[in-house]
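Working notes, structure below.
Every value quoted in this text rests on a predicted model; they were computed, and no experiment measured them. Any value given below was found using the heavy atoms of this structure, including those in side chains, with hydrogens, waters and symmetry copies removed.
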Amino acid sequence: MPDAPTLLSGAMLVSLIFYALLGGADFGGGVWDLLSRGRRAVDHRRLVASAIGPVWETNHIWVIVAVVVLFTAFPRAFAVVSTALFVPVTLLLAGVVLRGAAFAFHAYRLHDDAEPGRWGAVFAAASLVSPVLLGATIGAMSSGRVRTESLVFTGDTSAWLAPFPVAVGLLTLALFSYVAATYLTLETPDPGLQDDFRARAMWSAAATAFLCVLVPVLARSGAPGFYEALTGSEWSVPLVVLTGTSALGASMALRLRVYTLARACAALQSALVIAGWGLAQYPYLVRPNLTIYDTAASPSMLRLMLYALAVGAVFLFPSVFALFRIFKRDVLSGRHARRP
Amino acid sequence: MTELVLARAQMAMLFAFHIVFAVAGMGMPVLMVAAEWAHLRTGRPVYLDLAKRWARGTAVLFAVGAVSGTVLSFELGLLWPRFMEFAGGVIGLPFALEGFAFFAEAIFLGIYIYGWDRVGPTLHLLSGALVAAGGILSGVFVVTANAWMNSPAGFVPVQGMPSGVSPLAAMLNPAWKTEVLHMTLAAFAASGFAVAGIHAFKLLRDRENPFHRRALAIALAVGGTAAVLQPVSGDFSARFAARNQPAKLAAMEGQFRTERGAPLRIGGIPDAAAGRTRFAIEIPKALSLLAFHDPDAEVAGLSSFPPDERPDPLPVHLAFQVMVACGSAMALVALTAGWLAARNRDALFRRPFLAAAAACGPLGLLAVEAGWTVTEMGRQPWAIHKVMRTSEAVTTAGGLALPFLFFTVLYAVLGVSAAWHLRREIAASPAGGGPTDPGEG
């Protein structure tokens, strides 16, 4: 049985994976809203809005779970991250606010006219910028450039402005756009729209694959400790093989228009990328010297947090399941996309 | 020092904004569920229309509340890293529970808003009830964490860090019951009166409109009940402050000297330099009576505390007066409404009462802002009462003017847009002569 800090950091990682697969797709949807051009642009926007509509508030909360676990179970790490990465986190928040509020305003307007309006543009632009900032923040936490002395942050606050964190930011953006495009092929029975998003999925899959190679290359000098763990562990080779296989599977499935398989492969690929980050980062929260052990709160708090998460999971997973069953049953089974 | 002021100003602005939407997130779902329940019971389409319209308003308010709440969960760390470092491991539990309550609220709000034709009526009503429960519990948990700042418990400070932590004792700190009760009632009163005010305003021009009549009745029933109960809860809170935060009580009441049989001051301007409150109407012995239920009890004055442990009485006393005045007016209107409804329901829809209800619309939210000012400014100079000063909690990151300015502009735009969307929704409400197509708008 792993110890409490490991379990709690594992819970954070699981929340982040859910956030990427669900909330990330909502961000990606905004990106495709932004990039929609031409004759079918209005249809694209409507499709994105209707796909996100009932679930986006729920999808957003996975990241709140991760943050709450971070500041409750590892309060010192939260204090250091918020000081050292003040700028990207503040900008990220601005993006989250603009996107969330803009979507609410935008979605309620879509009922009466097709014009995207100013809020539609804000929603789309914030969807583009926020994933980059989120990724850059996470990249900076892995880079080893956020230095602390006796657990207190010292040094400059520009750790996120380096090639490695920026590349992680771009990878996050590519990944979110990729899962969104893949999911959207199944949200519509219109073959024209399906093909549009199939093409987008293939482009963003290529960008994701490229960045998945570039990030480790940059990590070599930009995040040496992280690089060592990522490439030198016993799980390194199996992880790369699995991720590569799911990426290939997704590409093949997209080519053959087997969209349910493409979605499964793309989701698995994304989950593996994030899991790989988590494994390479473990047991650190902020490299080079903040681990889950020396930033952990008291054992009694960790124990209670684990109970709270267990009880919460028992209640929430069925509720989330019910939400998706009600609104996405046909989408999840792939039936929706085959309807004439 | 300026960075501290900027951090406090930014935090105050973020909270002042968020609390409006948080209050709506607690109160609005109750109204919308009440309307849907009335529809299921009576079968009248007007209630269904009402539930759908209130639900759309709830969704916009919830969305803004969700993002401004997300900002706060991060800003606690961004602006007060030392506070979070200390407090996160002690009082984090209610934040985690709040996360779950919020999760439930979001899930079932999705089902509620988009699921009118997808789930059965009972399940739909149940989803609404879970939205309400999630909203109320979110508020309860967050207020519990704030109560801990007023009456810290569940740890022993050792060399500037907590030790011997008991998260349950921290969560169930001495202040939690009084504060949670006061805030929950405030949320119902504020939401109920704001909604009632809007419908009363509409009725002033369109007296027979059945849609607005039903809406006014439900909103007044919810808001009015809370407003009538609130003074009792206020008494609990004041007596709690008298025992546990005497400096806060002294600032609230503009009490500078320690005295037996202290008077209750209505209005007045505390003058800290002169050490007295000017221009107040004083009711002899009433403060001692209210605070300790004994007309001759001794009430500690501000002068009995070291100068660097005194809150500034000017904003605290003035905000307290505003809160009590708003609360009293609402309680009075609520009692009048109950009296009128008991005698002759039609009297509720005559001009004088409608005008009073419309005028009371903003008072609940004003009282919430004022009350929150009282509890936060009254706790100063402490971030955690007698444990950590606000000046010790603040970030070492500089240049706080820029994010302050940025978020102020951003929230101004958001606030105006949210108001504009709600106004549009209200403008589209059915005109007199019966409910229109509920799908429109």
Where does [X] contact chain A at under 4.5 Å (heavy atoms): side chain, backbone, both or neither?
{"X": "B:Phe155", "result": "neither"}
{"X": "B:Ala87", "result": "neither"}
{"X": "B:Leu402", "result": "neither"}
{"X": "B:Leu422", "result": "neither"}
{"X": "B:Phe406", "result": "side chain"}
{"X": "B:Thr395", "result": "side chain"}
{"X": "B:Leu410", "result": "side chain"}
{"X": "B:Ile111", "result": "both"}
{"X": "B:Val165", "result": "both"}
{"X": "B:Phe108", "result": "side chain"}

Going from [atom1] on [X] to [atom2] on [Y], what distance comes out if it is rounded to the nearest 0.5 angstrom?
{"X": "A:Thr72", "Y": "B:Met84", "atom1": "OG1", "atom2": "CE", "value": "7.0 Å"}
{"X": "A:Phe315", "Y": "B:Ile107", "atom1": "CZ", "atom2": "CD1", "value": "7.0 Å"}
{"X": "B:Glu85", "Y": "A:Phe74", "atom1": "CD", "atom2": "CZ", "value": "15.0 Å"}

Closest approach of [X] to [Y] (non-hydrogen atoms, all atoms of both residues):
{"X": "A:Ser82", "Y": "B:Leu78", "answer": "O-CD2, 3.2 Å"}
{"X": "B:Gly88", "Y": "A:Pro75", "answer": "CA-CB, 4.2 Å"}
{"X": "B:Leu93", "Y": "A:Met305", "answer": "CD1-SD, 4.5 Å"}
{"X": "B:Phe100", "Y": "A:Ala308", "answer": "CE1-O, 3.4 Å"}

Is it the side chain or the backbone of A:Leu304 that comes within 4.5 Å of chain B heavy atoms, both, or neither? both
Heavy-atom cut-off 4.5 Å, strictly under: side chain, backbone, both or neither for A:Leu92 against chain B? neither
Quick one: sort the A:Trp62 and B:Phe103 rings into parallel, tilted or perpendicular, breaks at 30° and 60°. perpendicular
Angle between ring planes, A:Phe78 versus B:Phe74, binned at 30° and 60°: parallel, tilted or perpendicular? tilted
Give a yes or no on whether the backbone of A:Ile326 and the side-chain of B:Arg118 come within a donor-acceptor separation of less than 3.5 Å. yes
Are A:Glu57 and B:Leu109 packed together at the side-chain level, in the sense that at least one heavy-atom pair is separated by less than 4.5 angstrom? no
Within residues 8-18 of chain A, the residues sitting under 4.5 Å from chain B by heavy atom, in sequence order, are none
For residues 63-70 of chain B, dump all side-chain donor-acceptor pairs below 3.5 Å to protein atoms at least two apart in sequence or in another chain.
unit_1: B:Ser68; atom_1: OG; unit_2: B:His18; atom_2: ND1; d: 2.9
unit_1: B:Ser68; atom_1: OG; unit_2: B:Val64; atom_2: O; d: 2.9
unit_1: B:Ser68; atom_1: OG; unit_2: B:Gly65; atom_2: O; d: 3.3
unit_1: B:Thr70; atom_1: OG1; unit_2: A:His60; atom_2: NE2; d: 3.0
unit_1: B:Thr70; atom_1: OG1; unit_2: B:Ala66; atom_2: O; d: 2.7

